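Heads up, the thing below is written out as structure tokens.
Whatever order the structure lists them in is the order used to number ligands and atoms, beginning at 1. Predicted model only: the values in this text are computed from it and were never measured.
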Amino acid sequence: MYKIFDTVDEVSHYTAQRLLDKIKALPSAVLGLATGSTMEPVYAQLIKYIQHAPLDLSRLTTFNLDEYIGLSAQHPQSYNYYMYQHLFNQLNIPAQNVHLPDGLTTDIEATCQAYSQAISKRGGLDLQLLGIGTNGHIGFNEPKTCFNSRTHVVELSEQTRIDNGRFFSDQAEVPTHAVTMGIQDILEAKEVILVATGKNKADIMAKLFNSPIDEELPASALKKHNNLTIVLDREAAALLPQHTLKSAI
Ligand code: GLP
């Protein structure tokens, strides 16, 4: 299902409300969380909702999608740092319920295996929030990633390193590798919300709309999912066929 809004603000309200509804309906929910600039206003809105009408978050569990390899939790560009800055510092989720892949682990294989297992042990993800890369990556699952993948190490594509270079002072500082939840982990979530905003996402959203399910386009795996919502602003939706736009508003 597509939901298309005029502004980023409306996208953020809608998405934050969906997260809130999930937590209210299921206080022990397991949420899969994403990073990136798209999520910043979503998390800001969620914090506002919860500050306005406090909720018990003591039973909530979160698993983040991904993390750069080689960046510590204190590094301002690590996803761990991002999550505390934009969400966790403002919400009362017990620390032991918050999970992010460890980008500094010395045993990456064991870390990856344990991460997917930890998700399963908690009964799987109730809701997975996703952004999308301009090359169609979800999490850090780059083009050609197997759709049956579990948490694994990826070599970041040149496109992703260029896109994410805007957050680093020097392009050479962008890590070359990352650890990411696999596509199978994502597909097993009971509900998925993919959010894209801005004109730099218009091409990939049109490509995704027209694409068959194909490992060249990681986000196309989501077409197999039976509870997927794609939330876009007008700019990201600009190249979708007119009839989709009309029925999605
Ligand atoms: C990174 C993350 C993705 C995210 C993507 C888009 O590469 N690993 O999970 O979806 O960026 O980010 P943005 O929202 O900044 O466009």
Side-chain angles (χ1 to χ4, degrees), residues 7-9 11-12 15-16 19 31-46 62-71 75-83 85-87 99-103 112 115 125 127-145 149 151-168 171 173-183 185-187 189 192-205 207-208 217-222 228-233 235-238:
T7 64
V8 171
D9 204 40
V11 165
S12 305
T15 309
L19 292 170
L31 300 183
L33 298 178
T35 52
S37 32
T38 310
M39 297 306 157
E40 289 180 23
V42 173
Y43 293 149
Q45 189 54 50
L46 181 63
T62 68
F63 283 91
N64 259 82
L65 278 168
D66 47 12
E67 179 58 286
Y68 289 113
I69 287 185
L71 300 192
H75 191 291
Q77 303 315 331
S78 74
Y79 287 165
N80 196 308
Y81 189 92
Y82 170 107
M83 287 307 297
Q85 285 296 308
H86 294 290
L87 194 67
H99 304 84
L100 285 113
D102 177 4
C112 288
Y115 201 72
L125 302 161
L127 189 161
Q128 176 65 55
L129 186 61
L130 291 176
I132 187 168
T134 59
N135 64 355
H137 73 231
I138 47 175
F140 265 136
N141 292 288
E142 296 281 31
K144 296 194 170 61
T145 303
S149 54
T151 304
H152 63 289
V153 174
V154 285
E155 180 173 5
L156 299 177
S157 69
E158 212 34 48
Q159 185 60 54
T160 298
R161 293 189 69 242
I162 291 167
D163 287 349
N164 292 5
R166 70 190 192 277
F167 299 111
F168 293 80
Q171 183 68 34
E173 281 177 28
V174 185
T176 56
H177 291 76
V179 52
T180 182
M181 228 184 246
I183 293 185
D185 296 310
I186 295 169
L187 288 178
V192 177
I193 303 178
L194 183 144
V195 188
T197 55
K199 52 180 182 297
N200 69 328
K201 295 289 167 70
D203 280 334
I204 191 60
M205 292 319 299
K207 203 168 160 196
L208 175 59
L217 205 175
S220 70
L222 300 172
L228 166 70
T229 309
I230 297 180
V231 190
L232 305 175
D233 71 346
E235 288 190 336

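Shown are Val231, Val42, Leu130; of these, the side chain to side chain contact (heavy atoms under 4.5 Å, CB included) with Ile193 is made only by Val231. Under the side chain to side chain contact (heavy atoms under 4.5 Å, CB included) test applied with Cys112, the options Thr180, Asp102, Val179 reduce to a single match, Val179.
Looking at atom 16 (O) of ligand 1, its nearest protein heavy atom turns out to be Lys201 NZ, 2.6 Å. When only non-hydrogen protein atoms are considered, atom 12 (O) of ligand 1 lies nearest to Gly36 CA, 3.8 Å. Nearest to atom 3 (C) of ligand 1 among the protein's heavy atoms is Gly139 O, 3.4 Å. Distance from atom 5 (C) of ligand 1 to its nearest protein heavy atom, with residue and atom name: His137 NE2, 3.7 Å. Here the heavy atom of the protein found nearest to atom 14 (O) of ligand 1 is Thr38 OG1, 2.4 Å. Protein heavy atom at the shortest distance from atom 4 (C) of ligand 1 is Thr35 O, 4.1 Å. Looking at atom 2 (C) of ligand 1, its nearest protein heavy atom turns out to be Tyr79 OH, 3.5 Å.
Taking the six-membered ring where the residue is Trp, the centroids of Tyr82 and Phe167 are separated by 6.0 Å or more.
When all heavy atoms of Ser149 and Asn141 are compared, the closest pair comes out as OG-OD1, 4.0 Å. For the pair Ala189 and Val192, the tightest heavy-atom approach, listed with the atom from each and the gap, is CB-CG2, 4.2 Å.
In terms of polar-atom proximity, Ala34 is not counted as a contact of ligand 1, lacking any N or O under 3.5 Å from an N or O of the ligand. At a 3.5 angstrom cut-off on N or O pairs, Thr160 does not count as close to ligand 1. Where the criterion is an N or O separation shorter than 3.5 Å, residue side chain and backbone included, Ile132 meets it with respect to ligand 1. For a threshold of 3.5 Å applied to N or O pairs, the pair formed by Ser37 and ligand 1 contains at least one separation below that value.
Residue-level proximity to ligand 1 for Arg166 is carried by the side chain, the only part with a heavy atom below 4.0 angstrom. At a heavy-atom cutoff of 4.0 Å, ligand 1 is contacted by the side chain of Asp66 but not by its backbone.
Contact check for Thr145 versus His152: side-chain heavy atoms found under the 4.5 Å cut-off.
If you check the side chains of Tyr115 and Asp185, you find no donor sitting under 3.5 Å from an acceptor. Residues Gln45 and Ser12 have side chains that never bring a donor and an acceptor to within less than 3.5 angstrom of each other.
Every atom of ligand 1 is numbered from 1 in the order shown, and the set under 4.0 Å from a heavy atom of Gly131 is 10 (O).
Residues satisfying the side chain to side chain donor-acceptor pair (under 3.5 Å) test with Lys199, not counting sequence neighbours, are none.
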